[in-house]
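Scroll down for the structure; my scribbles are underneath it.
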Amino acid sequence: MWEFSVGLYMINVWPDSLLFAAIYGAVESASTALFGPLVGRWVDKFSYVKILRVWLVTQNLSFMIAGATVMALLIYPDLKLTSFYAFVLLIILTNISGALGVLSTLAGTILVERDWVVVISEGHSPEVLTNMNSVIRRIDLFSKLCAPVVTGFIISFVSLKASALTLVLWNTISVWLEYWLFISVYNGIPALGESSQRKISRPSQSDLEGTGTSTSEGRSSLLSKDENDSEFAEESWITGVIKMVSRIPYVRAWSVYLQQDVVLPGVSLALLYFTVLSFGTLMTATLEWEGIPAYTIGIARGISAAIGISATVVYPVLQAHILTLRTGLWSIWCQWTFLILCVASIWIHNSLWSAYMLMAGVATSRLGLWMFDLAVIQQMQDQVPESDRCVVGGVQNSLQSSMDLMGYVMGIIISNPQEFWKLILVSFAMATLAALLYTLHVYRVRKHLLHFEKLAFVLKCFTSSQSENS
């Protein structure tokens, strides 16, 4: 609900500009980009039950505070004139609480999608992991279908204040239901309890590196007694600095990520976040500025989510026939093809038709996007070791948020809704680069992209059949 509503709140608080919507998006994305790797390491360190409690309490409390501050801004629309400092304080509080809510949501995403799913599917056929990923994404998209539609109708037919109040009440009630559901799954699957115990008892990477460092320092001290060579001392100093930097949790997390075989697919997925071509804050605020009713935007976003749900149904079927790697290739180029509609909308002079064409292009592109998302996630689940899984998941989300942040920075630089077409072109260019990078990865792995020998065989059969008919 918050993800959809925040853009509408910000364009209402500061009309005729995308500035506040872009600033909020930038703060949210920057927090995940900076702290995502650390969140991944934190999830990897503590027990599942502790993570569940901290995640759900922090997430729901943060969104309750954000909803309350937005209500205050909406109830007192002249606050920026009568008490500017109070207005700024409420805006800052809204941004910080929203960012905290997103960070805690990230912890839950890493826990469930990167860890629990793999643990539960261990010992079963690969199809089980594929189907579980699809079902989880389907549930996520179904929520994204219902929430915008409900919120859009509340905003259009009641008020923005009522939608903010609904957000606060929903988070107050849902936290108890969420915890009960998750703890029931944890208690009902013994493999999760066993995995949690392994995590706690497993020595941390820093401990292992500390042992190795002390051993190497001992050797260095023995050698230094035998040799007084200044060059050796200089090398030892440089080595010590490098080791000290590499022990920083943030640097170590990125080092682990860059050693994986799935770096290129991860970067390709992250580049798709450098976009305004989604029903996010900037595009929602722009559509509102163009006069599209909130309930229409909500319905369009719901349709987009419904197409995303269909992607979770198509993905297992496609993956069973052409495997995960090629499914990702077909999916990302499918998304790219539908995004051409968004580019074409720039040259439509009727603003209403242009807006509907933009929404249509974004909605239909979700078919390829979510299949590609599932393909990349499954490649990471299959190829990343258990000890690195949460760390890699945290860095991946950090990278995605960095790209998301760059999109919002573009929105701050180009904050005039009339120049939104420039943001569309940059977003399409990033989608093209992502598709090319993933294509390069597929070529590196398979050494080819198309089965030209099969194509030649089909053409030969077709030619022979034509000659027989003649």
Mutual orientation of the aromatic rings belonging to Y257 and W254 [parallel < 30°, tilted 30-60°, perpendicular > 60°]: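 Taking W254 first and then Y257, their aromatic rings stand perpendicular (interplane angle over 60°).
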Verify the distance criterion only: is there a donor paired with an acceptor across the side chains of [X] and [Y] at less than 3.5 Å?
X    : Y    : answer
T324 : Q379 : no
W370 : T312 : no
W333 : T439 : yes
Y9   : S163 : yes
S331 : Q335 : no
T69  : T94  : yes
Y48  : S195 : yes

Criterion side chain to side chain donor-acceptor pair (under 3.5 Å) against N133, the qualifying member of Q381, E113, Q319, R138: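 Going through Q381, E113, Q319, R138 one by one, the side chain to side chain donor-acceptor pair (under 3.5 Å) with N133 is satisfied by Q381 alone.
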Worked check of side chain to side chain contact (heavy atoms under 4.5 Å, CB included) between S365 and L369: CA-CA 6 Å; S365 70; L369 172 65; 5.6 Å; no
Is there side-chain contact between [X] and [Y], with at least one heavy-atom pair below 4.5 Å?
X    : Y    : value
D261 : V384 : no
Y438 : L325 : yes
I297 : M283 : no
L52  : L111 : yes

Ring-ring centroid check F87 Y76, cutoff 6.0 Å: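 Aromatic pair excluded; centres sit 6.0 Å or further apart.
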W170 ring center near F63 ring center (under 6.0 Å): no
Can you check whether [Y]'s main-chain N or O pairs, donor with acceptor, with [X]'s side chain at less than 3.5 Å?
X    : Y    : value
H441 : L437 : no
T286 : P417 : no
S104 : Q59  : yes
S398 : G394 : no
S415 : G411 : no

Pi-cation contact, F84 with K80 (under 6.0 Å, within 45°): no
Nearest heavy-atom neighbours spanning [X] and [Y]:
X    : Y    : result
V426 : M410 : CG1-SD, 3.3 Å
L399 : G266 : CD2-O, 4.4 Å
C334 : L367 : SG-CD2, 4.3 Å
Y24  : N95  : CA-OD1, 3.0 Å
S304 : R366 : OG-CG, 2.9 Å

Derivation and outcome, side chain to side chain contact (heavy atoms under 4.5 Å, CB included), residues L436 and L440: CA-CA 6 Å; L436 292 174; L440 174 63; over 6 Å; no
Under-4.0 Å salt bridge between R137 and D140: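 Yes, this pair counts.
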With N12, the side chain to side chain contact (heavy atoms under 4.5 Å, CB included) member among L74, L73, V70, I155: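 Only match with N12 under side chain to side chain contact (heavy atoms under 4.5 Å, CB included): L74.
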Residue among T275, L272, L339 satisfying side chain to side chain contact (heavy atoms under 4.5 Å, CB included) with S427: T275
Audit row: F182, R53, side chain to side chain contact (heavy atoms under 4.5 Å, CB included) steps and yes/no: CA-CA 10 Å; F182 279 115; R53 289 170 180 166; over 6 Å; no
Full working for side chain to side chain contact (heavy atoms under 4.5 Å, CB included) between W116 and V185: CA-CA 10 Å; W116 278 23; V185 173; 4.0 Å; yes
Reported CZ-to-CG distance for the pair R326 and L318, which is rounded to 0.5 angstrom: 9.0 Å
Euclidean distance, I303 CD1 relative to I309 CD1, rounded to 0.5 Å: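 Rounded to the nearest 0.5 Å, the CD1-CD1 separation comes out at 12.0 Å.
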